[in-house]
Protein chains: 2
Amino acid sequence: MTEPDRGQQTRELIVDTALRLFRERGYDETTMRAVAKEAGVSVGNAYYYYASKENLVQEFYLRLQVEHEAAAQPVLERETDFGARLRGVLHAWLDVAGAYHAFAAQFFKIAAEPTSPLSPFSAESSPSRDAAIALMAQVVEGSTARADPELRADLPDLLWLMTLGIVLYWVHDRSPEQANTRLLIDRAVPLVDRLVGLSRLRIMRSVTRDVIALARLLRG
Amino acid sequence: MTEPDRGQQTRELIVDTALRLFRERGYDETTMRAVAKEAGVSVGNAYYYYASKENLVQEFYLRLQVEHEAAAQPVLERETDFGARLRGVLHAWLDVAGAYHAFAAQFFKIAAEPTSPLSPFSAESSPSRDAAIALMAQVVEGSTARADPELRADLPDLLWLMTLGIVLYWVHDRSPEQANTRLLIDRAVPLVDRLVGLSRLRIMRSVTRDVIALARLLRG
DNA sequence: GTCTATAGCAAGATAGAC
DNA sequence: GTCTATCTTGCTATAGAC
């Protein structure tokens with residue numbers, strides 16, 4: 001008569017507690033002992049479900065991504081202009097991530113480690129990475145953007161890289177409400193929009209081809 | 001009759017030992033106890049000279065930067081073409097950094113933490129950051145590159161950001177001898193060269209101005 | 001100011017019993 | 001699945017020698 005999903009319940013109890021403590025105290029200040037105690041389980045039990053403290057952060061990424069996709073949907077349904085779609089999707093990310101800024105910056109280092117499964121470039125991250133790129137593909141596909149046709153195929157990858165750059169800026173952004181990051185988006189998007197438009201011009205052909213080759217090299 | 005530089009010698013003994021162990025075993029696997037033991041000093045003494053394990057890494061950065069500047073000099077004396085200078089300086093970085101690739105990647109995370117003094121954006125890093133940007137200024141100044149005059153002033157900053165991107169790729173590069181990073185440089189440099197040239201054209205004026213505004217926002 | 005020895009804390013992680 | 005006990009390691013503290 002044991003509950004079939006008792007394990008799952010314990011698992012969620014642990015991660016919910018951990019994410020709450022992360023938000024309240026920050027990553028470094030949240031000890032595994034504190035997580036276990038607050039969740040009412042033993043330290044050993046917490047490690048039974050999460051092999052390391054970092055693994056708890058992975059759960060955070062997954063939840064953030066789901067929230068972002070939901071927040072981006074209204075924009076994608078409303079807008080058809082490429083720049084407006086891109087800007088809206090990026091601002092949507094800030095909307096959902098803003099609440100976590102203080103502690104997201106603190107464990108950003110974990111994602112930066114090349115050997116970590118939490119790296120955005122790791123094999124383990126490919127589900128969330130693919131989803132993020134797919135979102136950028138939606139931005140492009142549903143838009144009225146007129147780009148070089150070959151470039152258009154690589155644009156989602158490039159826009160994902162741009163997003164990483166913006167996130168990098170965001171974690172360093174100390175301005176109130178991360179207003180500078182919004183400013184960055186509002187300046188970068190029209191630039192990207194213009195460059196995409198220029199990609200069809202004949203003078204830009206060689207540049208466009210170089211960019212495409214570069215995008216493919218970066219994808220590996 | 002005490003040696004006047006006894007402290008300095010001990011200091012160097014400790015950091016030399018640490019960097020050797022980092023290279024042999026990696027960062028995480030090198031304990032402060034092991035560094036002290038190998039260097040023949042006490043743990044307390046090691047901490048007397050280096051307040052933390054991370055501070056030992058900072059020494060590594062400084063040495064790397066000095067080596068890079070030395071390796072870049074012949075290129076800067078030899079070449080006048082902008083692309084050749086940029087390519088040469090970037091390859092020179094790979095030449096000096098290559099030996100440390102395995103363990104540099106391992107403690108890259110330390111530099112990624114926004115709050116860390118080892119972050120390339122931190123106030124504490126400003127000496128080495130300024131030096132790196134100054135090196136890029138040398139690349140631009142001594143070259144025959146014809147860029148939009150206003151852009152030219154911001155080019156060193158932008159090239160430094162480009163370098164960071166290349167380093168990011170490099171730490172993730174698993175190809176033998178990091179050959180893919182060299183490929184990346186060889187493809188990115190002509191692209192940059194072309195874009196810089198195009199910046200003088202009238203059609204590119206608004207794009208160029210956007211880029212300049214962006215560069216200034218990023219500098220803060 | 002330079003250095004040793006040692007004891008000890010905090011916290012991530014593990015072992016093995018139940 | 002869950003627990004308690006234990007290990008490891010970055011780091012600190014103290015007390016003292018030269």
Side-chain angles (χ1 to χ4, degrees), chain A residues 1-22 24-60 103 106-107 109-111 113 115-118, chain B residues 1-19 21-22 24-60 103 106-111 113 115-118:
Chain A
M1 293 305 171
T2 58
E3 290 279 347
D5 62 345
R6 187 168 54 126
Q8 186 57 27
Q9 281 180 353
T10 308
R11 191 182 178 83
E12 280 170 19
L13 174 64
I14 291 167
V15 73
D16 286 343
T17 306
L19 294 186
R20 177 171 60 81
L21 291 183
F22 286 163
E24 287 173 10
R25 314 178 182 179
Y27 180 74
D28 289 337
E29 287 67 36
T30 300
T31 68
M32 288 300 279
R33 284 168 177 80
V35 171
K37 191 175 180 183
E38 278 280 309
V41 301
S42 70
V43 176
N45 201 10
Y47 275 101
Y48 176 79
Y49 288 104
Y50 291 95
S52 76
K53 192 176 168 182
E54 293 188 2
N55 278 268
L56 288 163
V57 177
Q58 198 147 33
E59 206 78 17
F60 165 72
F103 81 114
Q106 207 175 11
F107 60 53
K109 61 175 172 193
I110 299 167
E113 195 176 15
T115 56
S116 168
L118 279 81
Chain B
M1 295 299 174
T2 57
E3 290 278 346
D5 61 347
R6 188 168 54 126
Q8 185 58 27
Q9 282 180 353
T10 306
R11 191 183 177 82
E12 280 170 20
L13 174 64
I14 291 167
V15 73
D16 287 343
T17 304
L19 294 185
L21 292 183
F22 286 163
E24 286 173 9
R25 314 178 182 178
Y27 179 74
D28 289 337
E29 287 66 37
T30 301
T31 67
M32 289 300 279
R33 285 170 176 82
V35 171
K37 192 175 178 183
E38 278 281 309
V41 300
S42 68
V43 176
N45 200 12
Y47 276 101
Y48 177 78
Y49 287 104
Y50 291 94
S52 76
K53 192 177 169 183
E54 291 189 4
N55 278 269
L56 288 163
V57 177
Q58 199 145 33
E59 204 78 16
F60 165 72
F103 82 113
Q106 206 176 9
F107 60 54
F108 176 69
K109 62 175 171 192
I110 299 168
E113 194 176 16
T115 56
S116 168
L118 277 82

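A quick note: this is a predicted structure, and the numbers were derived from the prediction, not measured. Below, read A as the first sequence line, B as the second, and so on, with proteins coming before strands; counting in each chain starts at 1.
As a whole-Å value, the separation of B:Y27 OH from D:dT9 P is 14 Å. One can place CG of A:D28 at 13 Å from C1' of D:dG10, the figure rounded to the nearest angstrom. B:E54 has its CD atom 12 Å from the C1' atom of D:dC11, to the nearest Å. The distance between atom CG of B:N45 and atom P of D:dT14, rounded to the nearest whole Å, is 18 Å. The interatomic distance linking A:K53 (NZ) with D:dG10 (P) rounds to 16 Å, in whole Å. Between the P atom of C:dT4 and the OH atom of B:Y48 lies a distance of 12 Å, rounded to the nearest Å. Spacing between atom CE of A:M32 and atom P of C:dA10 amounts to 18 Å, rounded to whole angstrom units. A straight line from CD of B:E29 to P of D:dG10 spans 10 Å, rounded to a whole angstrom.
The phosphate of D:dG10 (OP1 or OP2) has no side-chain N or O of B:S52 nearer than 4.0 angstrom. Checking the phosphate oxygens (OP1, OP2) of C:dC3, a side-chain nitrogen or oxygen of B:T10 falls inside 4.0 Å. Remark: B:Y47 is in phosphate contact with D:dC11, judged by side-chain N or O atoms under 4.0 Å from OP1 or OP2.
Note on B:Y49: only backbone sugar-phosphate atoms sit closer than 4.0 angstrom, heavy atoms only; bases stay farther off. Contacts of B:T31 with the nucleic acid, taken as non-hydrogen atoms under 4.0 Å apart, involve only primed sugar atoms and P, OP1 or OP2.
In the set D:dC11, D:dC3, C:dA11, the nucleotide with an atom closest to the side chain of A:R33 is C:dA11. For B:R6, whose side chain is taken as the heavy atoms from C-beta onward, the closest listed nucleotide among D:dT2, C:dT4, C:dT2 is C:dT2.
Of the two residues near DNA chain C, B:V43 and B:R11, the one whose nearest nucleotide lies more 5' is B:R11.
No side-chain N or O of A:E54 forms a donor-acceptor pair with one of A:Q58 less than 3.5 Å apart.
Atom OG1 of A:T10 is separated from atom OH of A:Y49 by 4.0 Å, given to the nearest 0.5 angstrom.
A pairwise comparison of heavy atoms in B:L13 and B:V41 identifies CD2-CG1, 4.5 Å as the closest pair. In terms of heavy atoms, B:E113 sits closest to A:D28 at OE2-OD2, 4.2 Å.
Using a distance-only test at 3.5 Å, with no hydrogens or angles considered, a donor-acceptor pair links the side chain of A:Q106 to the main chain of A:Y27.
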